[in-house]
Amino acid sequence: MTGRVKIKEALAQGKPGQELLLKGWVRSVRSSKGVTFIVLNDGSNLSGIQVVAEPDLPDYEEFSRVGTGSALAISGVLQESPGAGQALEIKAGGFEIVGAADESYPMQKKRHSFEYLRTIAHLRLRSNTFGAVFRLRSALAQEVHRFFAERGFVYVHTPIITANDCEGAGELFRVTTLDPVRPPLVNGCVDYAEDFFGSATGLTVSGQLEGELFAQAFSDIYTFGPTFRAENSNTARHAAEFWMIEPEMAFADLAADADLAEAFMKRLCRFVLDDCAEDMNFFNTQIDQELIARIEAVANAEFARMEYTEAIERLKKAPVTFQFPVEWGLDLQSEHERYLTEQVVGGPVFILNYPKEIKAFYMRQNDDGKTVAAMDLLVPKVGEIIGGSQREERLDVLTAKMEQSGIDPASLWWYLDTRRWGSTPHAGFGLGFERAIMYLTGMENIRDVIPFPRTPRHAEF
RNA sequence: UCCCGAGUAGAUCAGUCGGUAGAUCAGCGGACUGUUAAUCCGUGUGUCGUAGGUUCGAGUCCUACCUCGGGAGCCA
């Protein structure tokens with residue numbers, strides 16, 4: 001007998017007659033007088049493996065009464081299964097109850113609501129759905145790195161603690177070592193000069209600005225790390241802590257940015273279909289029956305490109321009434337985005353060149369004086385999934401935009417320095433990792449694709 | 001933060017006109033020689049979210065608060 005083997009390996013590479021040692025947790029027990037079946041799962045796959053025991057097994061009685069949730073070690077022989085539902089199973093020759101679980105184990109064999117499972121986030125990991133979600137999340141993260149590595153992108157770890165919230169994107173979580181009850185004051189305000197970093201600091205809301213600095217030295221870079229927003233938003237799509245992927249390319253314009261985003265999205269779709277097939281089939285069966293067809297369509301699609309101005313014209317001509325107004329100069333609402341991608345295009349579409357008033361200060365001013373080189377990628381069912389832009393590389397234009405936006409250029413002197421010496425046209429985009437997972441799995445709540453989600457009033461586990 | 005909905009057994013829910021608490025599943029006990037969320041028989045379970053109020057009487061009506069969910073805004 002060799003050492004412990006993962007169940008996925010045993011099923012993929014094992015041959016009938018082979019002796020195995022398996023370890024995992026009990027998902028279900030089906031017992032009758034002459035035979036007992038236990039589904040054992042060790043997290044390596046969705047299905048687990050069926051363990052068969054007959055009364056000749058030493059301590060058969062104890063085995064047949066083991067509780068759901070128990071940790072077991074099973075030694076036995078792999079054999080072809082006469083029953084339907086699985087090709088291989090293991091005939092138990094010996095077992096050890098590594099960690100017992102009694103009847104108070106909160107997870108039942110039957111289906112639970114996601115709301116209930118969130119209250120036992122430490123145990124929901126042992127369910128089919130969350131096993132599939134977090135296996136896929138792990139595999140997808142590794143694929144993100146492979147995608148960029150193959151293209152020669154440098155992976156940057158941008159700071160998590162930062163003194164700049166200049167993007168104005170969301171509220172900052174404060175980071176401080178000052179006494180919250182009696183902070184040092186100067187002129188009635190908290191004196192952050194006394195604080196740990198000598199200035200007011202918080203958790204990062206984006207690594208983009210630092211990413212741009214790296215792009216001006218390494219050409220092509222990406223960040224992939226945690227991001228924090230202290231917004232009090234209670235929706236299925238918002239979390240206070242989430243992971244974001246932000247590539248940035250020097251010597252690149254908006255078209256190159258869209259090309260990268262298209263290749264990236266298609267790659268992620270292709271990957272989960274090919275390499276997470278068992279889990280994807282589960283999602284397709286249990287969560288969203290059109291999932292695989294939709295992801296397959298995106299993987300094979302030619303992404304359309306449409307000017308914002310044209311998008312507005314199309315929406316105005318649309319034979320449907322929208323809840324929100326459609327007017328050049330206004331931002332697109334979710335209903336507009338979905339109409340464009342689902343009805344007008346029938347597939348993924350980039351909307352390009354938005355009015356400058358509704359976009360961030362760092363986006364590149366177009367020659368028309370009215371728009372900036374921004375892009376949003378819209379996909380069926382969710383709307384916007386990627387947002388990006390070509391950045392303003394001209395020092396004078398950028399400085400003026402900052403002043404118009406109420407940002408003190410002096411506070412971002414280092415950002416402006418990259419425009420001062422060796423400035424290049426450059427572009428990048430941002431993708432919320434959890435939103436990508438939601439899209440690829442059909443899961444509808446961000447709290448169910450983050451292991452231990454942080455949302456207003458929730459930092460448990 | 002705003003709007004809407006919900007909170008009853010371990011889980012998911014029903015509860016009529018205000019009259020004193022119910023189903024299914026899980027669990028537990030038993031049966032069963034190949035099951036697949038096994039099946040069959042038997043069996044128990046309650047601070048009805050919290051605090052007030054109306055009433056002879058409140059799970060049910062009223063008020064406030066708490067929590068959760070959905071939608072919106074904001075966004076990734």
Side-chain angles (χ1 to χ4, degrees), chain A residues 27-39 47-56 60 64-65 67-69 79-87 89 91 101-120 124 127-128 167-171 204-208 223-246 286 323-324 331-335 337 358-360 376-377 382-388 429-439 444-450 455-458:
Chain A
R27 285 290 178 82
S28 85
V29 182
R30 296 181 291 275
S31 182
S32 64
K33 190 177 181 183
V35 63
T36 291
F37 300 95
I38 286 182
V39 174
S47 65
I49 191 169
Q50 174 161 280
V51 183
V52 191
E54 293 181 357
D56 58 351
Y60 173 75
S64 70
R65 303 171 74 87
T68 305
Q79 63 183 25
E80 287 178 17
S81 176
Q86 62 281 315
E89 62 189 19
K91 173 75 186 294
D102 67 14
E103 67 278 1
S104 62
Y105 181 61
M107 296 248 298
Q108 301 173 0
K109 278 191 287 192
K110 66 165 191 172
R111 194 187 188 103
H112 285 292
S113 69
F114 290 145
E115 290 84 356
Y116 171 67
L117 290 170
R118 271 172 225 149
T119 69
I120 51 169
R124 69 175 182 172
S127 68
N128 285 337
E167 200 184 338
E171 293 290 312
T204 181
V205 296
S206 168
Q208 183 196 312
T223 72
F224 185 2
T227 306
F228 307 88
R229 304 270 168 99
E231 290 285 345
N232 184 15
S233 40
N234 296 280
T235 82
R237 285 172 187 72
H238 289 84
E241 176 181 313
F242 62 98
W243 284 58
M244 194 150 61
I245 299 159
E246 296 176 293
Q286 299 293 325
Q323 197 188 333
F324 290 90
D331 209 355
L332 300 178
Q333 297 291 323
S334 188
E335 58 173 351
E337 293 176 342
I358 58 174
K359 290 294 183 183
D376 283 352
L377 173 60
V382 302
E384 182 191 340
I385 191 160
I386 283 178
F429 63 80
L431 170 67
F433 188 48
E434 285 78 11
R435 291 198 178 168
I437 297 169
M438 290 167 71
Y439 186 68
E444 291 185 334
N445 196 310
I446 197 167
R447 299 164 194 134
D448 296 327
V449 298
I450 299 181
T455 53
R457 294 179 303 281
H458 292 281

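Hydrogens, waters and symmetry mates are skipped; everything else that's a heavy atom, side chains included, is used. A, B, ... follow the sequence lines: proteins, then strands. Residue 1 opens every chain.
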When all nucleic acid strands are considered with a 4.0 Å heavy-atom cut-off, which category describes [X]: base, sugar-phosphate, or nothing?
| X | answer |
| --- | --- |
| A:Glu384 | nothing |
| A:Gln50 | base |
| A:His112 | sugar-phosphate |
| A:Tyr116 | sugar-phosphate |
| A:Phe429 | nothing |

Between [N] and [M], how far is it from one [atom1] atom to the other, in whole Å?
| N | M | atom1 | value |
| --- | --- | --- | --- |
| B:C17 | B:C61 | C1' | 12 Å |
| B:U20 | B:U8 | C1' | 15 Å |
| B:G59 | B:A9 | C1' | 14 Å |
| B:C75 | B:U12 | C1' | 34 Å |
| B:U60 | B:C48 | P | 10 Å |
| B:G71 | B:A11 | P | 24 Å |
| B:U47 | B:G53 | P | 23 Å |
| B:U55 | B:C62 | C1' | 12 Å |

Please confirm whether the shortest side-chain N or O distance from [X] to OP1 or OP2 of [N] is below 4.0 Å.
| X | N | value |
| --- | --- | --- |
| A:Arg457 | B:C68 | yes |
| A:Ser113 | B:U12 | yes |
| A:Asn445 | B:G70 | yes |
| A:Arg447 | B:G69 | yes |
| A:Arg111 | B:C25 | no |

Taking donor-acceptor contacts at under 3.5 Å, does the side chain of [X] reach the base of [N]?
| X | N | value |
| --- | --- | --- |
| A:Gln108 | B:G10 | yes |
| A:Glu89 | B:G34 | yes |
| A:Lys33 | B:A31 | no |
| A:Thr235 | B:G71 | no |

Checklist outcome for this item: Residue set satisfying side chain to side chain contact (heavy atoms under 4.5 Å, CB included) with A:Asp56, at least two apart, ordered chain then number -> A:Glu54, A:Lys91

Checklist outcome for this item: Sequence neighbours excluded, the answer for side chain to side chain contact (heavy atoms under 4.5 Å, CB included) partners of A:Glu80 is A:Pro16, A:Leu88

Next on the checklist: Pairs counted only when both distances fall under 3.5 Å, Watson-Crick or G-U: show me the 5' to 3' dot-bracket for RNA chain B, [ ] for pseudoknotted crossings and | for other-strand partners.
Outcome noted: (((((((..((((.....[..)))).(((((.......))))).....(((((..]....))))))))))))....

Checklist outcome for this item: Out of B:G73, B:U12, B:A37, minimum distance to the side chain of A:Lys109 belongs to B:A37

Checklist entry - A:Arg229 side chain: which of B:C75, B:U1, B:U67 is closest? => result B:C75

